[in-house]
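Below: one structure, written as structure tokens.
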Amino acid sequence: MPELPEVEIAGRNLVRWLHGRRVVKAEAEDTRVFRGAKRAKFSALTGRLESLERRGKYLLLTFEGGRGLLAHLGMTGKFVHRPGGVAELHSRARFFLDDGTVIHFKDARLFGRMEPVAAARLRQLKAVQALGRDPLVDGLTPEQLREALGRTRQDLKVALMDQGRVAGVGNIYAAEALFLAGLHPARKPASLKPEEWARLSQAILDTFASALAAEQGEEPVYLEESGSENTFRVYGRADSPCTQCGARVQSFTQGGRTTYFCPKCQPKRSRGRKR
DNA sequence: TGACCCCTGGCC
DNA sequence: GGCCAGGGGTCA
């Protein structure tokens with residue numbers, strides 16, 4: 001399931017696959033992925049891809065002729081590039097290219113979103129306007145992170161996952177970044193010291209950077225898909241020994257989602273960190 | 001802020 | 001057979 005790094009890779013793949021090629025036909029299934037948007041509008045997404053931008057977990061695509069597409073992968077969405085004439089399980093929309101290949105948008109659970117809209121309106125869409133700072137696009141200094149999270153009374157991890165504060169951090173990378181920073185997920189943002197903001201902003205950037213470096217594959221594999229392996233430091237490791245200190249990793253529910261953390265590496269009380 | 005909803009599939 | 005899942009949206 002895609003968070004910022006996976007969406008970034010999806011965008012890079014699309015750009016690569018469409019480079020120097022044209023979409024000769026676009027077609028979509030009648031699914032809730034299109035949120036009531038007219039399928040005919042999707043069919044109009046032909047020609048060259050003029051630009052592609054990622055904001056948080058959203059992709060903003062502009063095709064020639066001023067036609068745009070807002071895409072969100074949801075929990076199980078992905079783009080794949082296939083030879084023509086190959087059926088693809090859960091394919092919800094397809095771009096047929098002038099070299100005979102096909103780009104499928106697959107989505108088993110239909111939590112994804114594909115919204116054809118005039119390119120000029122892409123950035124004005126409410127979903128895009130509501131996004132907070134994107135760490136990779138806009139940068140993320142300790143001060144900017146504190147500015148984005150510091151005034152809420154939500155738990156630190158819940159605030160981190162709020163797309164209106166920082167865009168692109170989901171459940172997995174929130175857990176990973178907090179572990180890297182040595183911060184308990186239930187800390188209150190107001191209690192963080194300057195050095196803790198610094199550790200956290202750096203941890204977010206590092207977590208994304210290493211995920212991006214590891215995911216330079218042709219095709220994304222999400223955790224929980226068959227054949228996938230848990231390479232995360234704490235995420236999904238409840239009751240297993242911490243990869244850093246050996247203490248038992250714990251989990252609890254926070255904001256409706258499961259949080260994983262190491263009680264020893266991420267103490268509830270603020271404390272200096274050994275170096 | 002929290003509860004529930006949308007869906008299907010994989011795992012125990 | 002039941003539980004769980006990394007997304008967001010909406011409602012009270």
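Just so you know, these numbers use all the heavy atoms, side chains as well, and skip hydrogens, waters and symmetry mates.
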**Request:** Kindly say if T258(A) contacts the phosphate of dA5(C), meaning a side-chain N or O under 4.0 Å from OP1 or OP2.
**Result:**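 Yes.
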
**Prompt:** Does a nitrogen or oxygen in the side chain of H90(A) sit under 4.0 Å from OP1 or OP2 of dC7(B)?
**Reply:**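 The answer is no; no side-chain N or O of H90(A) sits under 4.0 Å from OP1 or OP2.
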
Rounded to whole angstroms, how far apart are [atom1] on [X] and [atom2] on [N]?
X	N	atom1	atom2	value
L73(A)	dG8(C)	CG	C1'	13 Å
E6(A)	dA5(C)	CD	C1'	15 Å
F111(A)	dC6(B)	CZ	C1'	5 Å
L110(A)	dT8(B)	CG	P	6 Å
I172(A)	dG8(C)	CD1	P	13 Å
Q163(A)	dG7(C)	CD	P	7 Å
R92(A)	dC7(B)	CZ	P	11 Å
F232(A)	dA5(C)	CZ	C1'	13 Å

**Item:** Closest-nucleotide ordering on DNA chain C, the 5'-leading residue of R109(A) and H72(A)
**Value:**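 On the 5' side of the pair lies R109(A).
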
**Message:** Expected output check: what is the dot-bracket annotation of DNA chain C, where ( ) and [ ] are pairs inside the strand (brackets for crossing ones), | is paired with another strand, and pairs are Watson-Crick or G-U under 3.5 Å?
**Reply:** |||||.||||||

Before accepting this row, confirm whether a basic side-chain N of the pair [X]/[Y] lies closer than 4.0 Å to the acidic partner's carboxylate O.
X	Y	result
R187(A)	E196(A)	yes
E53(A)	R123(A)	yes
R21(A)	D99(A)	yes

**Geometric class of the H72(A)/Y58(A) ring pair [parallel <30°, tilted 30-60°, perpendicular >60°]** =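 Rings of Y58(A) and H72(A): perpendicular, over 60°.
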
**Message:** Ring centres under 6.0 Å, that's the criterion: do F105(A) and F42(A) meet it?
**Reply:**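 Between F42(A) and F105(A), which both carry aromatic rings, the centre distance is not below 6.0 Å.
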
Please tabulate, for the side chains in residues 249-257 of chain A, all donor-acceptor contacts under 3.5 angstrom to protein atoms that are two or more places apart in sequence or on a different chain.
| unit_1 | atom_1 | unit_2 | atom_2 | d |
| --- | --- | --- | --- | --- |
| Q254(A) | OE1 | T259(A) | OG1 | 2.7 |
| Q254(A) | NE2 | D155(A) | OD2 | 3.0 |
| Q254(A) | NE2 | P185(A) | O | 2.9 |

**Message:** Quick check: is L160(A) connected to F261(A) through a chain of hydrophobic side chains (ILVMFWY, heavy atoms under 4.5 Å apart)?
**Reply:**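 Each belongs to a different hydrophobic cluster.
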
**Asked** Going through the distances and angles, do L212(A) and I9(A) end up as a side-chain contact (heavy atoms from CB on, under 4.5 Å)?
**Response** CA-CA 7 Å; L212(A) 276 174; I9(A) 294 291; 3.9 Å; yes

**Message:** Please report the distance separating the P of dC4(B) from the corresponding atom of dC4(C), rounded so that it comes out in whole Å.
**Reply:**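 Here dC4(B) and dC4(C) have their P atoms 14 Å from each other.
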
**Asked** Applying the side chain to side chain donor-acceptor pair (under 3.5 Å) test to R94(A), which of E88(A), E27(A), H104(A) qualifies?
**Response**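 When side chain to side chain donor-acceptor pair (under 3.5 Å) is applied between R94(A) and each of E88(A), E27(A), H104(A), only E27(A) qualifies.
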
For nucleotides 9-12 of chain C, print each protein N/O atom paired with a nucleotide N/O atom at under 3.5 Å, atom names and distance only.
| unit_1 | atom_1 | unit_2 | atom_2 | d |
| --- | --- | --- | --- | --- |
| dG9(C) | OP1 | Y58(A) | OH | 3.4 |
| dG9(C) | OP1 | R113(A) | NH1 | 3.4 |

